[in-house]
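Note: hydrogens, waters and symmetry copies are ignored here, and every other heavy atom, side chains too, is used.
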Amino acid sequence: MSSAAPRVTGQDHLWSVSEHLEDILATVRPLDPIELQLLDAQGCVLVEDVTVPVSLPPFDNSSMDGYAVRVADVAGASEEYPAVLTVVGDVAAGQAELLHVGPGQTARIMTGAPLPPGAEAVVPVEWTDGGLGAGPVSAMRARSTSPEGASGQVHVHRPAQARAHVRAKGSDVKAGDLALPAGTVLGPPQIGLLAAIGRGTVRVRPRPRVVVLSTGSELVQPDGELESGQIYDSNSYALCAAARDAGAMAYRVGAVADDAETLRATIEDQLIRSDIVVTTGGVSVGAYDVVKEALSSVGDEDEAGGGIEFRKLAMQPGKPQGFGTIGPDHTPLLALPGNPVSSYVSFELFVRPAIRTLMGVADVHRPTTRATLRTDKALTSPAGRRQFLRGRYADGEVTPVGGAGSHLIAALAHADALIVVPESVESVEPGTEVEVVLLG
């Protein structure tokens, strides 16, 4: 892990959102590339250009089920005066030996099958009588139940232009073309393309491994029974889901009680499977803020600027934050507030960009836009703090959801954007244009 630039320290220093994020991104580095099987590489980022070794399709082939014909043989064909051709056999997909189509002849051909020598076009089966001697048919009979369809005669009711319903060799991609550039995130279409050009493995940066743990003796698993003073642990679930949504492999650790030694031991045990550790809760100024107690004294003696530092940020929600590196591999650790909305907003602003940086993605940030604020009253913001409010965005307008309260997790569940109120603004009037971070 490369070291960060020297940090401004001190309990009285109030960090801006930008300063804190810059410090994180200066510390986190993309993971080393590895070679992975295609399906294992889904969601990963290519580290090298991939070129096409063989043209696709590799041969001229039919785009329809029908008959391979010579253009001159079907010129002027109609239902009243059909062209009558001799069927010389079938051409199926994957067939190695091809028939030759001579004058007055045709071959029954299946979608994806190679265009046989002598043929210049394909007429769909719907333009023929299917060899039955009546009017147009809608489909071919199965060869297993009607083998005679590969012989006899067929009536063609419409003419065809040269190359009609023929996919030309290399019409998709040609040998030597750039298939995918370095930096591409591999989704299902990209995996399909790599398989189509014969690539069984690919060199990528692996998906980061993120360990998420929440702290608090009051936390109970969602399927447990609540006793007096207890609440369900929602943060570790929300942040695991958010990490997976960002492209990581996330591992959730059960809630850790408010005991510093237990927390330190739990984190140390998790470092073996972590590229980044995320904790939630215990970072404020209370007597039971166990994360702060457990990690303030933890350092990376062999790396300048290492260790965990706890800070106050000029933002709401999410003022208390912690960041640094821990363990022999200098694993990044981000300590987030315990309030569910503060925790999630902090994840979006700081953890998600860190995960995307580990992946090697070019643009690590959520998209932003400008939108007209739709609300009945002005939005107020504490002086000197950047505020992030939940909102619903549509058609260039954004509407606050759930008011300004930072504790409203239900409001967060119905939001798809964050409304950004700058630290220099104390009030935003309805109808004002604001910056919006799009979460969807």
Side-chain angles (χ1 to χ4, degrees), residues 11 210-244 250-270 274 276-298 308-313 315-324 326 333-351 382 385 387-390 400-415 418:
Q11 295 295 317
V210 179
V211 167
V212 176
L213 61 91
S214 52
T215 63
S217 298
E218 77 280 11
L219 298 178
V220 177
Q221 297 308 301
D223 55 357
E225 292 292 330
L226 289 180
E227 297 182 3
S228 178
Q230 294 182 326
I231 60 173
Y232 290 120
D233 173 19
S234 62
N235 283 358
S236 63
Y237 287 90
L239 297 186
C240 266
R244 291 174 182 176
Y251 304 103
R252 179 190 158 274
V253 179
V256 180
D258 290 325
D259 178 79
E261 289 300 325
T262 301
L263 177 61
R264 272 194 293 265
T266 302
I267 291 176
E268 288 173 2
D269 288 344
Q270 295 298 320
S274 306
I276 188 169
V277 176
V278 179
T279 68
T280 173
V283 296
S284 193
V285 295
Y288 288 82
D289 284 321
V290 67
V291 175
K292 203 170 184 180
E293 177 187 355
L295 301 181
S296 289
S297 60
V298 174
I308 309 300
E309 181 177 326
F310 292 88
R311 307 164 175 175
K312 295 178 181 178
L313 270 60
M315 64 177 280
Q316 183 181 5
K319 183 178 180 180
Q321 300 281 338
F323 171 66
I326 189 170
L333 184 147
L334 285 88
L336 310 184
N339 174 276
V341 176
S342 299
S343 176
Y344 186 79
V345 170
S346 299
F347 181 97
E348 285 292 335
L349 296 178
F350 308 123
V351 183
R385 296 186 196 172
Q387 191 168 16
F388 298 88
L389 306 176
R390 280 75 62 212
V401 177
S406 64
H407 64 288
L408 301 173
I409 189 171
L412 184 62
H414 296 283
L418 294 178

Which atom pairs, one a donor and one an acceptor, fall under 3.5 Å between side chains of residues 227-234 and the rest of the protein, sequence neighbours left out?
residue: Gln230; atom: OE1; partner: Glu227; partner atom: N; Å: 2.8
residue: Tyr232; atom: OH; partner: Gly224; partner atom: O; Å: 3.1
residue: Asp233; atom: OD1; partner: Ser214; partner atom: OG; Å: 3.1
residue: Asp233; atom: OD1; partner: Asn235; partner atom: N; Å: 3.4
residue: Asp233; atom: OD1; partner: Ser236; partner atom: N; Å: 3.4
residue: Asp233; atom: OD1; partner: Ser236; partner atom: OG; Å: 3.4
residue: Asp233; atom: OD2; partner: Ser214; partner atom: OG; Å: 3.0
residue: Asp233; atom: OD2; partner: Ser236; partner atom: OG; Å: 2.7

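For the pair Val253 and Gln270, the minimum side-chain heavy-atom distance is below 4.5 Å.
Here salt bridge (Lys or Arg N to Asp or Glu O under 4.0 Å) pairs that include residues 211-226, with residues two or more places apart or in two chains, number zero.
With values rounded to the nearest 0.5 angstrom, Lys292 atom NZ is found 10.5 Å from Glu309 atom CD. Rounded to the nearest 0.5 Å, atoms CD (Gln316) and CD (Gln387) are 5.0 Å apart. Interatomic distance, CE of Met315 versus OG of Ser342, reported as 7.5 Å (0.5 Å rounding). To the nearest 0.5 Å, the span separating CZ on Phe388 from CG on Leu349 amounts to 4.5 Å. Taking CG of Leu263 as the start and CD of Glu268 as the end, the distance is 10.0 Å to the nearest 0.5 Å.
Checked against side-chain contact (heavy atoms from CB on, under 4.5 Å), Ala260 has the following partners two or more places apart in sequence or in another chain: Arg264, Val290, Glu293, Ala294. Qualifying side-chain contact (heavy atoms from CB on, under 4.5 Å) partners for Asp259, counting only residues two or more places apart in sequence or in other chains: Glu261, Thr262. Here Ala335 pairs with Thr279, Val283, Val291, Phe310, Leu333 under the side-chain contact (heavy atoms from CB on, under 4.5 Å) rule; sequence neighbours left out. In this structure Arg385 satisfies the salt bridge (Lys or Arg N to Asp or Glu O under 4.0 Å) test with no other residue, sequence neighbours excluded.
Although no hydrogens or angles enter the test, the distance criterion places no donor-acceptor pair under 3.5 Å between the side chain of Ser343 and the main chain of Leu336. Between the side chain of Arg390 and the main chain of Val401, no donor-acceptor pair closer than 3.5 Å is present.
Across every non-hydrogen atom of Gly318 and Leu313, the tightest pair is O-CB, 4.4 Å. Taking both residues in full, the closest heavy atoms of Arg244 and Ala250 are given as NH2-O, 3.3 Å, listed atom of the first, atom of the second, then distance. Considering all non-hydrogen atoms of both residues, Leu239 and Tyr344 come closest at CD2-CA, 4.3 Å. The two atoms that bring Arg252 and Cys240 nearest to each other are CB-SG, 3.2 Å, heavy atoms only. Taking every heavy atom of both residues into account, Pro317 and Val345 meet most closely at CG-CG2, 4.2 Å.
Checked options Val210, Leu213, Val211; the residue passing with Val278 is Val210 (criterion: side chain to side chain contact (heavy atoms under 4.5 Å, CB included)).
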